[in-house]
Student: 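To start, I am sharing the structure in question, which I have written as structure tokens.
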Amino acid sequence: MKINSKLLTILFFVVSVSVTNAQKIVGSWKGTLKVQGMEMPLIFNISEKDGAFSSTMDSPSQGATGIPMDETKFEGNTLSMTFKKAGITYSGNLEDNTIKGTFKQGGMEIPLSLQKTEKTVPGNPELVSSEADLNNLSSIEKGNYKYSVEDYFSNPKGVSFRFSPDGKYLSYKESDENGKQHVYVKNIQTGKAERVIEQKKELIRGYGWLNSNRLYYTMDKGGNENYHIYAINLDGSNDKDLTPFEGVRANFESLLKEDKDHIIVQLNKNNPQIFEPYKLNVVTGEIKQLFENKDASNPISGYQFDKDGNLRGYTKLKDGVNMEVYYEDGKGGYELWKQLNWKDSFGVISFNYATDYPHDAYVLSNLETDKAEILLYDLKKKKTIKKIFSNEKYDVGGLGLSKKNNYAIDYLSYEGEKNILIPVSKAYRKIDKAVKKKLPGMQYYVTGRTDDESKYMLYITSDKVYGIYYVYDLKKNELKEIYNTMPQLRSEDMAEMRPITFKSRDGVTIHGYITLPKEALNGEKVPVIVNPHGGPQGIRDSWGFNPESQLFASRGYATLQVNFRISGGYGRKFLESGFKEIGRKAMDDVEDGLKYVVDKGWVDGDKAAIYGGSHGGYAVLRGLTKTPDLYACGVDYVGVSNLFTFMKTIPPYWKPYLKIIKEIWYDEDVAEEKEIMNEVSPVFHIDKIKKPLFVVQGANDPRVNIDESDQIVEGLRAKGVDVPYMVRYDEGHGFGKEENRIALYKSMMGFYAKHLKEANKDKEPIKY
């Protein structure tokens with residue numbers, strides 16, 4: 001065979017150029033869109049495998065990363081990418097290290113040049129501990145324990161059981177061998193189950209039934225909390241992203257029971273800082289804006305729709321701290337109805353559909369009492385018809401209505417030391433009686449029911465039982481177990497969670513819980529993990545199964561949870577007494593709780609750790625700087641370290657509430673409060689930290705920016721302190737993925753084994 005050497009040279013040259021260009025195009029490319037005076041940076045990350053190209057898009061200003069493009073082609077010198085759902089296309093020519101092209105979306109064509117850049121991740125990756133170091137930390141925990149970390153923190157095999165509205169189907173999440181939780185639908189009559197929603201890279205954050213033929217589910221990107229709402233038929237067809245807007249957060253407002261094809265959602269599509277209501281067709285995806293939130297400086301903070309989807313009123317935030325309540329004027333518009341301070345509570349739970357008079361409503365109010373109460377209220381005449389429910393010690397808040405029985409009250413509820421449900425209707429009295437007879441001492445929650453109200457889904461739990469689903473058949477008066485979510489955790493092996501009450505150093509009554517391992521019950525003083533809750537305002541710790549506390553108890557540690565001042569549920573005075581006291585009196589309450597359980601003889605005060613997430617993570621850092629000798633070690637999980645930077649990096653949709661945040665925390669524009677912020681920001685007192693610290697962070701956290709954790713780690717490392725630092729780049733404000741959760745608690749248990757079990761053996765007892 002005779003080979004044409006000239007042709008071979010040409011072919012070799014063409015192939016070489018193609019390979020070289022393919023290598024050049026792979027990587028990250030950054031450019032800036034200029035739209036209506038705004039600049040929006042975009043990053044495209046291009047990869048190649050076996051000659052096929054793929055790409056993702058990042059929009060940092062909108063908090064969106066890793067958006068997969070549907071189609072990526074590179075032919076000759078021309079790059080083209082398409083993202084169909086958002087109607088985005090980009091096409092450009094490669095010239096050296098620049099791609100010059102055009103970005104198209106929604107009829108707009110915008111020039112966009114891209115420059116080669118390095119792919120970056122949030123925060124400073126050089127600070128992050130290696131997997132080898134974290135595995136070494138995990139390996140420190142030794143012992144032959146009955147239950148593993150996986151037993152407590154693997155995804156339940158089955159969870160989130162739901163009836164279809166017509167009662168013909170049962171849906172649920174089921175975990176596969178890789179820990180991914182898919183949604184299945186089971187035909188109750190035939191027993192056949194089909195996978196309807198498949199979990200892939202992103203977690204299915206929530207799901208439910210839209211009507212008897214269609215379900216919804218929600219997902220975000222790597223924990224960034226920009227949720228999208230999807231819908232799918234029960235046979236898996238017509239899977240549709242109903243809110244396909246990148247960098248936009250969708251909040252589910254309400255189902256419309258009388259309109260099976262529509263729901264109401266809120267989107268911050270037109271302005272990232274504010275939300276507006278839309279009516280959304282769950283079959284076609286057609287979307288219609290219902291009301292404009294026009295004044296971004298005084299935005300609408302809440303909408304009140306009735307069961308038919310009519311907007312009856314709304315609440316506007318005025319001057320950052322006041323509330324203006326608007327109600328329908330009877331002429332198709334809305335008039336100013338009531339002016340409140342942001343600290344006031346007055347909200348419609350439900351309109352009273354048992355009467356033809358359209359202005360009666362059940363409202364939750366603290367305007368006339370310290371504890372929130374439920375009233376039947378005439379919104380037109382602005383007067384209370386009658387008081388429905390209140391409690392002397394606690395805020396109330398739960399109310400259920402029966403559509404079948406002309407919207408009569410089914411139950412009332414509140415949370416005291418435990419959750420208390422008071423049955424009102426005949427149906428709920430029967431449910432309550434059946435549960436108490438068959439499952440004494442257990443708590444139950446009605447998580448759903450069929451539209452004809454003949455069958456109820458109950459979730460049964462306690463401090464020693466993770467959760468068991470039961471079905472109550474009203475006609476048969478039958479309570480039947482259908483699924484134990486964590487059968488491997490036997491209740492007889494679990495620890496008791498005991499309510500406690502004590503006086504703070506300044507005489508305030510404080511409530512909380514202590515979970516004691518069997519060693520403590522046998523009279524031994526055990527190590528204790530002090531666990532302040534997140535929030536902090538309006539949040540509280542509750543009685544029930546806590547996998548963290550149970551894991552700690554299985555290793556011989558007690559867990560102390562204090563509902564310090566500013567916690568919710570104990571009335572307005574108690575809540576507001578914690579304003580401007582975060583890191584100060586709120587922290588004193590935690591310390592006083594520790595003193596109380598030490599004085600009781602339950603725990604060893606020389607072996608006390610402090611651990612928490614979010615505000616609880618802040619409390620860890622504050623505790624290690626405020627009382628450096630009190631704790632043997634600390635674990636900071638997505639915690640604030642610097643109050644100044646924290647307030648500058650909040651999500652855009654929190655910014656309208658910044659004045660309120662400053663009234664709860666502190667305002668740096670007030671000289672005295674700026675001094676307090678310096679005093680209570682742990683990052684400025686790193687030199688006071690004497691004890692070991694483990695820091696944990698989700699890289700995509702929109703609430704507590706990764707910079708909060710980086711600052712504390714970098715400061716301590718500069719002092720030569722060895723701080724293990726775990727970061728997960730596919731997580732946000734807390735770890736949702738099974739593998740990350742398990743890795744976290746394994747490292748945490750190794751950290752406690754190293755610094756708590758043997759801590760302070762030769763140390764003088766702590767003086768309180």
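Please read these numbers as outputs of a predicted model, since none were measured by experiment.
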Student: Is the closest side-chain heavy-atom distance between Y752 and K754 below 4.5 Å?
Tutor: no
Student: With sequence neighbours left out, write down each residue that passes salt bridge (Lys or Arg N to Asp or Glu O under 4.0 Å) with D707, or none if nothing qualifies.
Tutor: none
Student: Under 3.5 Å, is there a donor-acceptor pair between the side chain of D730 and the main chain of G222?
Tutor: no
Student: Please work out whether the ring planes of F694 and F751 are parallel, tilted or perpendicular, with thresholds of 30° and 60°.
Tutor: tilted
Student: Please report the shortest heavy-atom distance between S681 and M677, naming the atom on each side.
Tutor: OG-O, 2.6 Å
Student: Using the test side chain to side chain donor-acceptor pair (under 3.5 Å), find all partners of T645 that sit at least two apart in sequence or belong to another chain.
Tutor: E708, Q711
Student: Can you find a side-chain donor-acceptor pair between E415 and S542 that sits under 3.5 Å?
Tutor: yes
Student: Would you check if K691 and I689 make a side-chain contact, meaning some heavy-atom pair closer than 4.5 Å?
Tutor: no
Student: Would you say D319's side chain and V321's backbone share a donor-acceptor pair under 3.5 angstrom?
Tutor: no
Student: Applying side chain to side chain donor-acceptor pair (under 3.5 Å), can you list everything that pairs with K525, at least two apart in sequence or on another chain?
Tutor: none
Student: Restricting to pairs with a member in residues 637-653, which pass salt bridge (Lys or Arg N to Asp or Glu O under 4.0 Å), not counting sequence neighbours?
Tutor: K648-E668
Student: Would E731 and N740 count as having a side-chain donor-acceptor pair, cut-off 3.5 Å?
Tutor: yes
Student: What distance separates K746 NZ from L551 CG, expressed to the nearest 0.5 Å?
Tutor: 11.5 Å
Student: List for me each residue that meets side chain to side chain donor-acceptor pair (under 3.5 Å) alongside S345, sequence neighbours excluded, and say none if there are none.
Tutor: none
Student: Report all side-chain donor-acceptor pairs from residues 566-575 shorter than 3.5 Å, counting only partners two or more places apart or in another chain.
Tutor:
{"residue": "S567", "atom": "OG", "partner": "H533", "partner atom": "NE2", "Å": "2.8"}
{"residue": "S567", "atom": "OG", "partner": "F564", "partner atom": "N", "Å": "3.3"}
{"residue": "S567", "atom": "OG", "partner": "F564", "partner atom": "O", "Å": "2.6"}
{"residue": "Y570", "atom": "OH", "partner": "N563", "partner atom": "ND2", "Å": "2.9"}
{"residue": "R572", "atom": "NE", "partner": "E576", "partner atom": "OE2", "Å": "2.6"}
{"residue": "R572", "atom": "NH1", "partner": "D344", "partner atom": "OD1", "Å": "3.0"}
{"residue": "R572", "atom": "NH2", "partner": "D344", "partner atom": "OD1", "Å": "2.8"}

Student: Could you list the residues that satisfy side chain to side chain donor-acceptor pair (under 3.5 Å) with D604, not counting sequence neighbours?
Tutor: none
Student: Return each pair, listed once, that meets ring-ring contact (aromatic ring centres under 6.0 Å, His included) where at least one residue sits in residues 716-737; pairs must be two or more places apart or across chains.
Tutor: Y637-F735
Student: Tell me every residue that passes salt bridge (Lys or Arg N to Asp or Glu O under 4.0 Å) with K655, counting only those two or more places apart in sequence or in another chain.
Tutor: none
Student: Out of the candidates D541, T515, L516, only one should pair with M497 under the side-chain contact (heavy atoms from CB on, under 4.5 Å) rule; please name it.
Tutor: T515
Student: Listed by chain and number, what are the salt bridge (Lys or Arg N to Asp or Glu O under 4.0 Å) partners of E714, not counting sequence neighbours?
Tutor: none
Student: For residues 649-671, which residue pairs qualify under ring-ring contact (aromatic ring centres under 6.0 Å, His included), counting only residues two or more places apart or in two chains?
Tutor: F275-Y653, Y618-W665, F646-W665
Student: Salt bridge (Lys or Arg N to Asp or Glu O under 4.0 Å): which pairs involve residues 528-537, sequence neighbours left out?
Tutor: none
